[in-house]
Amino acid sequence: MLEELRITGLGVIEDATLPLGDGLTVITGETGAGKTMVVTSLGLLFGGRADAGRVRADLGRAVVEGRLRLTGASGKAVQARVAEAGAEPDEDDSLLLSRTVTSEGRSRANVGGRSVPVSVLGEIGEQVVAVHGQSDQLRLLRPAEQRAALDRFAGPAHESLLERFQQLYARWRQVEDDLADRRRNARERNQEADLLRLGLDEITRVDPQPGEDEALREEAQRLEHAEGLRTAAQVAHQAIAGGPDATDDVPDAVSLLGVARNTLEAQAGVDRRLEELAGRLIEAATLVTDVAGELSSYLDALDADPARLQAVYERRAALKSLTRKYAEDVEGVIAWADRARARLAELDTSDELLDELDRERQRLAGEVAELAAVLSAARREAATRFSEQVTTELAGLAMPHARVEVVVAAKPAGRSEPTLTVAGAETGVGSDGADEVELRLLAHPGAPALPLQRGASGGELSRVMLAIEVVFAGVGGPPTLVFDEVDAGVGGRAAVEIGRRLARLARGHQVLVVTHLPQVAAFADRHLVVAKDTGGAVTTSGVRVVEDTERARELARMLAGLPDSDLGIAHAEELLAVAAREKRA
């Protein structure tokens, strides 16, 4: 639930705070006062596109901040996403979100005090809020949106079925495209495969090993300088450990260390410090002895064989030939060979492989057709329930004789999408199934069932949209619902019924409504007014909560444009009393 919304520097709003809560909150105000900026700010807060043109020039940046109370399943989902982003809610399970947009178009997002990508705000918004405006009504007129609406209504099991179908469909199309490409480009594929085989044959003959070029370089260097290395090792070994040519006049290092240790140990009883130093000389003698042993092993292993040096030169030349053609080093040559083998498998156009792919294509096509039939049956069952529930809601919205039908029909074959036999009929099949979904309205008895875009007036479309949202709310969805003037084109009794339905919807959801209808505003649990101030050099707007007499004056303004009219206020008070009785009932 959204507890508070603060808007700074957005459109005509210089700085305004909206206290929000449970139930139905309505936002009213004169035309141009900035009511739409409230919905715009919600869009920004939950990851919508930033428009620098809406930033107030005198402030240079717009900031929208919101505080969410995390409860229920949506709250747990938000907490998990926030944790992934490295942020965390406050101790009272509230979460502060903010979005900043500069006049240059730069945008920043913060969650729980931590900077995050704007996409994180969008993911949070999907869990907690759904915004419905007149643009959403227009979107609902598109067949793809109507099919998506029916799929959402059908529930999680249906959505899981749709996801399985989409995965299977994608695999089928992948095999279909692969097979067609292999057949269509067989000559080019064979030419590329021949070149890859030539390269692989050359690399296989040389058989390079990881790190071999560096090891050969070091070995060649040792063989080229074998005599110098041998002399150096022999002189060092004789100096450390002596040898057959050693004399008493030139003692070795091990002997000298022994003399020094014995001398110190003789006086160790007098001064314990000398005992410590004698011990360290023992360690030094051990280390020097180890070095002498390693030098001896080095001399034994040192090879000055000219034949071996020639073999190393030839091997390095073979590796150099590969690195000139295929990569910068031996590791790169080995990686090229691995990629070439994988590419050869992709280029295979043998009759055996083509037959195998064709069998796989036919098998997948059969499974796609079967699952498409199951999906169609599930949609038809959901369409019946959806039609009945929306029609019931319309009866309560002053359209007692209207009926909404949801028609699920097979896609015609022969269009851009592939064709399969689904439930015994040739049908076009796409990634969303084999169905076309259309919402139709029977406005009154005897009227033809027409598509929404042809059969519904502006006011009727608003009520159909609200009826659909009420039905959606009954099967889950975000806890916060925002309606931006979805009551446009409605008046009289229908307006009262819309207010009643929104109030009923607010029993289980947080509902925010931007409205120009007093009949709707009268049902609010909290009434916010956006007021415009033109007294200064720059027009600004603020938001305030109205209650009691002030609320009646605002309804009177909405009714007749005269907030101080005694008759208007009396009418407003009567409207509030009727709404209160309806809500109690």
Side-chain angles (χ1 to χ4, degrees), residues 2 4-7 10-42 459 462 482-506 510-536 538-585:
L2 191 60
E4 185 178 81
L5 182 69
R6 182 178 180 185
I7 309 167
L10 187 66
V12 295
I13 298 180
E14 182 177 21
D15 190 356
T17 299
L18 283 69
L20 305 172
D22 295 328
L24 175 61
T25 299
V26 299
I27 301 166
T28 64
E30 295 183 357
T31 301
K35 300 188 299 297
T36 302
M37 287 300 101
V38 175
V39 179
T40 300
S41 68
L42 285 170
S462 295
V482 181
F483 295 92
D484 181 19
E485 297 192 1
V486 294
D487 49 15
V490 178
R493 178 187 170 193
V496 174
E497 294 300 335
I498 287 179
R500 180 183 291 112
R501 276 298 182 274
L502 288 170
R504 195 180 85 182
L505 192 60
Q510 181 186 37
V511 179
L512 280 62
V513 181
V514 177
T515 183
H516 65 282
L517 293 178
Q519 296 95 326
V520 173
F523 281 88
D525 300 304
R526 179 181 281 100
H527 190 155
L528 306 179
V529 175
V530 182
K532 181 167 60 175
D533 180 9
T534 57
V538 179
T539 300
T540 61
S541 288
V543 180
R544 71 180 192 277
V545 179
V546 294
E547 296 176 337
D548 302 329
T549 303
E550 194 175 7
R551 185 181 180 194
R553 293 181 70 246
E554 171 62 12
L555 292 183
R557 180 200 64 76
M558 298 172 71
L559 284 164
L562 300 173
D564 296 322
S565 165
D566 291 339
L567 183 60
I569 291 175
H571 190 182
E573 289 176 343
E574 181 181 2
L575 192 58
L576 288 169
V578 170
R581 286 197 302 271
E582 292 284 350
K583 288 168 67 176
R584 285 195 299 270

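On a predicted model such as this, the values are computed, not experimentally measured, just so you know.
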Could you pull out the closest heavy-atom pair between [X] and [Y], with the gap in Å?
{"X": "Ala16", "Y": "Val543", "value": "CB-CG2, 3.8 Å"}
{"X": "Ala552", "Y": "Ile569", "value": "CB-CG2, 4.3 Å"}
{"X": "Leu5", "Y": "Ser41", "value": "CD2-OG, 3.5 Å"}
{"X": "Gly23", "Y": "Asp525", "value": "CA-OD2, 3.3 Å"}
{"X": "Arg526", "Y": "Pro19", "value": "CD-O, 3.1 Å"}
{"X": "Arg551", "Y": "Ala524", "value": "NH2-O, 3.2 Å"}

Please walk me through it: do Arg553 and Glu550 pass salt bridge (charged side-chain N to carboxylate O under 4.0 Å, His left out)? CA-CA 5 Å; Arg553 293 181 70 246; Glu550 194 175 7; 5.8 Å; no

Determine, step by step, whether Phe523 and Leu24 satisfy the side-chain contact (heavy atoms from CB on, under 4.5 Å) criterion, reporting the C-alpha distance in whole Å, the side-chain angles of both residues, the deciding distance to 0.1 Å, and the verdict. CA-CA 8 Å; Phe523 281 88; Leu24 175 61; 4.1 Å; yes

To the nearest 0.5 Å, what is the distance between [atom1] ([X]) and [atom2] ([Y])?
{"X": "Leu555", "Y": "Leu576", "atom1": "CG", "atom2": "CG", "value": "5.0 Å"}
{"X": "Leu517", "Y": "Leu559", "atom1": "CG", "atom2": "CG", "value": "10.0 Å"}
{"X": "Ile498", "Y": "Thr515", "atom1": "CD1", "atom2": "OG1", "value": "8.0 Å"}

The residue among His516, His527, Lys35 that forms side-chain hydrogen bond (donor to acceptor under 3.5 Å, both in side chains) with Thr28 is His527

Apply side-chain contact (heavy atoms from CB on, under 4.5 Å) to the pair Thr40 and Met37, showing each step before the final yes or no. CA-CA 5 Å; Thr40 300; Met37 287 300 101; 3.8 Å; yes

May I have the step-by-step check of side-chain contact (heavy atoms from CB on, under 4.5 Å) for Leu505 and Phe483, ending in yes or no? CA-CA 12 Å; Leu505 192 60; Phe483 295 92; 3.9 Å; yes

Decide side-chain contact (heavy atoms from CB on, under 4.5 Å) for Ile7 and Leu18; before the verdict, give the C-alpha distance in whole Å, the side-chain angles of both, and the deciding distance to 0.1 Å. CA-CA 8 Å; Ile7 309 167; Leu18 283 69; 4.1 Å; yes

Please check this pair: side chain of Gln519 against backbone of Gly499, looking for a donor-acceptor N/O pair closer than 3.5 Å. no

May I ask you to decide if Ala531's main-chain N or O and Glu30's side chain share a donor-acceptor pair within less than 3.5 Å? no

Using a 4.5 Å cut-off on heavy atoms from C-beta on, say whether the side chain of Leu20 contacts that of Leu528. yes

Please determine whether the number of non-hydrogen atoms from other residues, nucleotides or ligands lying under 6.0 Å from atom CG of Asp22 exceeds 12. no

